[in-house]
Amino acid sequence: MIGVTHIPVLCEEVIENLVSAEYSLFVDATVGGGGHAHHILERYKGIRLIGLDADEEALHIAQEVLRGYGERVQLVRGNFKDLKEILNGIGISSFDGILFDLGLSTYQLTGERGFSFNDEVFPDMRMDDRAELTAYDVVNTYRYDVLKKIIGEYGEEEKAHRIAKAIVEERKKRPIATSKELAGIILKVKKRRGKIHPATKTFQAIRMEVNREPENLRTGVLDAIDMLNRRGRIGVISFHSLEDRTIKGIFKTSAVVNAVTKKPIRPERDEIRKNPSSRSAKLRVAEKI
Ligand SMILES: C[S@@+](CC[C@H](N)C(=O)[O-])C[C@H]1O[C@@H](n2cnc3c(N)ncnc32)[C@H](O)[C@@H]1O
């Protein structure tokens, strides 16, 4: 996407807490626009990096951004839920460090793929366009009680009941055909207060359902821990308390990693000022025993 840049969040903190000059192979499980990857490769000249992303467009951008690093970089399209299979497929059975930077990149939000409230396009929201389920299917076919549960649990939206009801009522007239229409339905139930759009939590919930984010995260992180070398580190940047709780729980109960961060690392005020989308980011890091 020309003219749009994704600013990597907690970049210095990732370099400082997750990467070491002793590493030889690092996996960026969500390479996106290549922001973190670029900084890691620049700082540690001895590191080779595998960059994974489910989104083809993201990989094109990463390819451009990381072109200068030549054979030190290998980009692969795939879902991190299949991490083991994907890496085994290119002859890799272990690595020294891995980063998961969850959520969306700026390119996806501005790419007219239905992720944004103002998108007058088909409500798609798939990160991987080979997947079958779209946001259109979720809002137009899911039963009221399932919609309410998703919006309540994944969105942590206190008005989940009213929003789910409004969606079901509205689609009786005609299918909800664009993301802007969906945002409009939510706006009728939840009035605008402050800077955050009232549809934010519902959009997040639907996106998480479409991309099976909670299940994929658990599978990907458990496989990553399994494949980490001794003294290697895993880092996860999450933007949602459900994700943060999942990571905290895995790091706490795993017998093979120790949490390096007892409390998650949060962006400094200055970073939030420069990049407001970093405001809810939390980085947790653990080390393989
Ligand atoms: C926040 S962006 C990453 C930005 C990147 N760290 C940077 O600095 O440019 C998250 C990326 O993860 C990708 N992604 C999300 N879930 C994924 C999954 N289960 N498997 C692979 N990629 C995923 C998205 O497509 C998106 O490009």
Side-chain angles (χ1 to χ4, degrees), residues 1 4-15 18-19 26-43 49-67 69 73-87 89 97-111 113-115 124-131 133 154 204 206-224 234-240 242-243 246-247 267 271 274-283:
M1 185 106 337
V4 182
T5 324
H6 177 85
I7 308 169
V9 305
L10 293 167
C11 201
E12 259 320 299
E13 290 81 353
V14 163
I15 302 267
L18 186 59
V19 200
F26 191 91
V27 176
D28 186 339
T30 51
V31 72
H36 288 103
H38 162 74
H39 285 276
I40 293 168
L41 287 159
E42 200 51 37
R43 194 76 65 96
L49 183 139
I50 310 285
L52 185 73
D53 207 293
D55 186 333
E56 193 176 19
E57 212 182 325
L59 283 182
H60 285 313
I61 296 164
Q63 207 161 21
E64 278 307 306
V65 171
L66 305 175
R67 189 179 293 281
Y69 297 103
V73 180
Q74 186 171 356
L75 299 175
V76 190
R77 186 176 184 198
N79 194 305
F80 58 58
K81 78 169 165 48
D82 305 317
L83 189 77
K84 220 174 230 177
E85 212 181 307
I86 294 170
L87 293 182
I98 185 163
L99 170 67
F100 293 78
D101 174 20
L102 305 175
L104 291 178
S105 76
T106 313
Y107 308 106
Q108 289 164 324
L109 273 169
T110 50
R113 291 164 55 180
F115 289 114
D124 189 317
M125 298 199 200
R126 285 172 303 170
M127 288 182 192
D128 186 336
D129 62 11
R130 299 168 300 187
L133 187 72
Y154 293 173
Q204 172 187 280
I206 294 170
R207 189 204 82 209
M208 286 171 78
E209 169 65 13
V210 167
N211 296 289
R212 309 277 186 226
E213 291 177 38
E215 302 97 287
N216 293 347
L217 178 61
R218 176 164 280 279
T219 313
V221 166
L222 289 173
D223 272 359
I234 172 170
V236 184
I237 301 175
S238 65
F239 294 83
H240 189 290
L242 185 72
E243 289 166 346
T246 303
I247 301 307
E271 175 168 1
K274 287 186 192 140
N275 179 18
S277 17
S278 69
R279 65 184 180 274
S280 49
K282 287 181 182 168
L283 167 66

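Whatever order the structure lists ligands and atoms in, that order sets their numbers, starting from 1. Start at 1 with the first residue, then count along the sequence.
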> Below 4.0 angstrom, N of the basic side chain to O of the carboxylate: do Arg43 and Glu12 qualify?
Replying inline: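 Salt bridge flag = yes for Glu12 with Arg43.
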>> Between Lys274 and Glu271 (salt bridge meaning N to carboxylate O under 4.0 Å), is one present in this structure?
In response: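 No salt bridge links Lys274 with Glu271.
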>> The criterion is ring pair (Phe, Tyr, Trp, His ring centres under 6.0 Å); which residues satisfy it with Phe100, sequence neighbours excluded?
In response: Phe80
> Among all residues two or more places apart in sequence or in another chain, which pass the side-chain contact (heavy atoms from CB on, under 4.5 Å) test with Glu56?
Replying inline: His60, Arg77
>> Can you confirm whether the side chains of Tyr69 and His38 place a donor and an acceptor under 3.5 Å from each other?
In response: yes
> Under a 4.0 Å heavy-atom cut-off, what residues line ligand 1?
Replying inline: His6, Pro8, Ala29, Thr30, Val31, Gly32, Gly33, Gly34, Gly35, His36, Asp53, Ala54, Asp55, Ala58, Gly78, Asn79, Phe80, Asp101, Leu102, Gly103, Leu104, Ser105, Gln108, Met127
Less than 3.5 Å apart, which donor and acceptor atoms pair up between the side chains of residues 216-224 and the rest of the protein, not counting sequence neighbours?
from	atom 1	to	atom 2	distance (Å)
Asn216	ND2	Asn211	O	3.0
Asn216	ND2	Arg212	O	3.2
Thr219	OG1	Glu215	O	2.9

